[in-house]
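Values below: all heavy atoms of this structure, side chains included; hydrogens, waters and symmetry mates excluded.
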Amino acid sequence: EVQLVESGGGLVQAGGSLRLSCAASGFTFDDYTIGWFRQAPGKEREGVSCISSSDGVTYYADSVKGRFTISTDNAKNTVYLQMNSLKPEDTAVYYCAADEGPFGCTVAAGPYYGMDYWGKGTLVTVSS
């Protein structure tokens with residue numbers, strides 16, 4: 001059974017940092033694309049970042065470029081999202097998702113919103 005479990009969310013002041021983790025089980029990271037999405041109250045889900053495990057292609061939304069970094073530890077089947085210089089507008093529930101194959105993340109379009117597997121999310125709250 002495929003499972004994705006996010007952790008690392010919490011309350012942080014503006015300018016602070018958090019590192020989100022997404023622990024995956026039931027599949028091999030090497031064969032999947034991993035994405036981070038977020039959804040703020042009353043807003044549509046946004047693709048924040050993604051990485052293709054096969055070739056290392058990464059994508060960042062303009063809203064987080066230069067502040068967020070995605071990385072993977074294939075040995076631990078875990079993907080991370082390091083978030084620095086957090087802003088109140090980063091407040092959202094953050095989800096990780098996985099899609100089989102290398103095509104779920106492109107530099108032009110970002111992460112594929114119809115990914116195969118999704119975690120339940122972790123809440124990030126940034127206070128001003």
Passes side-chain contact (heavy atoms from CB on, under 4.5 Å), V107 versus V57? Steps please. CA-CA 7 Å; V107 174; V57 168; 3.8 Å; yes
| Which is it for V12 and T125 under the side-chain contact (heavy atoms from CB on, under 4.5 Å) test, yes or no, and what are the steps along the way? | CA-CA 6 Å; V12 64; T125 304; over 6 Å; no
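Screening residues 57-96 for ring pair (Phe, Tyr, Trp, His ring centres under 6.0 Å) gives no qualifying pairs among residues at least two apart or on separate chains. Within the structure, the side-chain hydrogen bond (donor to acceptor under 3.5 Å, both in side chains) test picks out the following pairs touching residues 1-25 (sequence neighbours left out): S17-N84. Among residues at least two apart or in separate chains, salt bridge (charged side-chain N to carboxylate O under 4.0 Å, His left out) pairs with a member in residues 47-63 are D62-K65. Judged as a salt bridge (charged side-chain N to carboxylate O under 4.0 Å, His left out), the pairs with a partner in residues 75-98 (not counting sequence neighbours) are, in order, R38-D90, R67-D90. Residue pairs meeting the disulfide (SG to SG under 2.5 Å) criterion with at least one partner in residues 89-128, sequence neighbours excluded, are C22-C96, C50-C105.
By the rule that hydrophobic residues join a cluster once side-chain heavy atoms approach within less than 4.5 Å of another member, Y113 and V2 end up as members of separate clusters. Both L4 and L18 are assigned to one and the same hydrophobic cluster, defined by single-linkage of ILVMFWY side chains at heavy-atom distances under 4.5 Å. Residues M83 and V126 fall within the same hydrophobic cluster, defined by Ile, Leu, Val, Met, Phe, Trp and Tyr side chains chained together at heavy-atom separations under 4.5 Å. V79 and V124 fall within a single hydrophobic cluster, where Ile, Leu, Val, Met, Phe, Trp and Tyr are joined by side-chain heavy atoms under 4.5 Å apart, directly or via other members.
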Distance-only check: which donor-acceptor pairs under 3.5 Å involve side-chain atoms of residues 115-123, not counting sequence neighbours?
from: D116; atom 1: OD2; to: E100; atom 2: N; distance (Å): 3.0
from: W118; atom 1: NE1; to: M115; atom 2: O; distance (Å): 3.0
from: T122; atom 1: OG1; to: G9; atom 2: N; distance (Å): 3.2

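The two residues G47 and P111 come nearest to each other via the heavy atoms CA-CG, 3.7 Å. The shortest non-hydrogen separation linking L81 to S49 is CD1-CB, 4.1 Å. Here the closest heavy-atom approach between residue A14 and residue S128 is recorded as CB-CA, 4.4 Å.
Remark: the backbone N or O of A23 is not paired with any side-chain donor or acceptor of T78 at under 3.5 angstrom.
Environment of CZ in F27: crowded, with over 12 heavy atoms of neighbouring residues, nucleotides or ligands closer than 6.0 Å.
Between F103 and T33 the shortest side-chain heavy-atom distance does not fall below 4.5 Å.
I70 CD1 to I34 CD1: the interatomic distance, rounded to the nearest 0.5 Å, is 8.0 Å.
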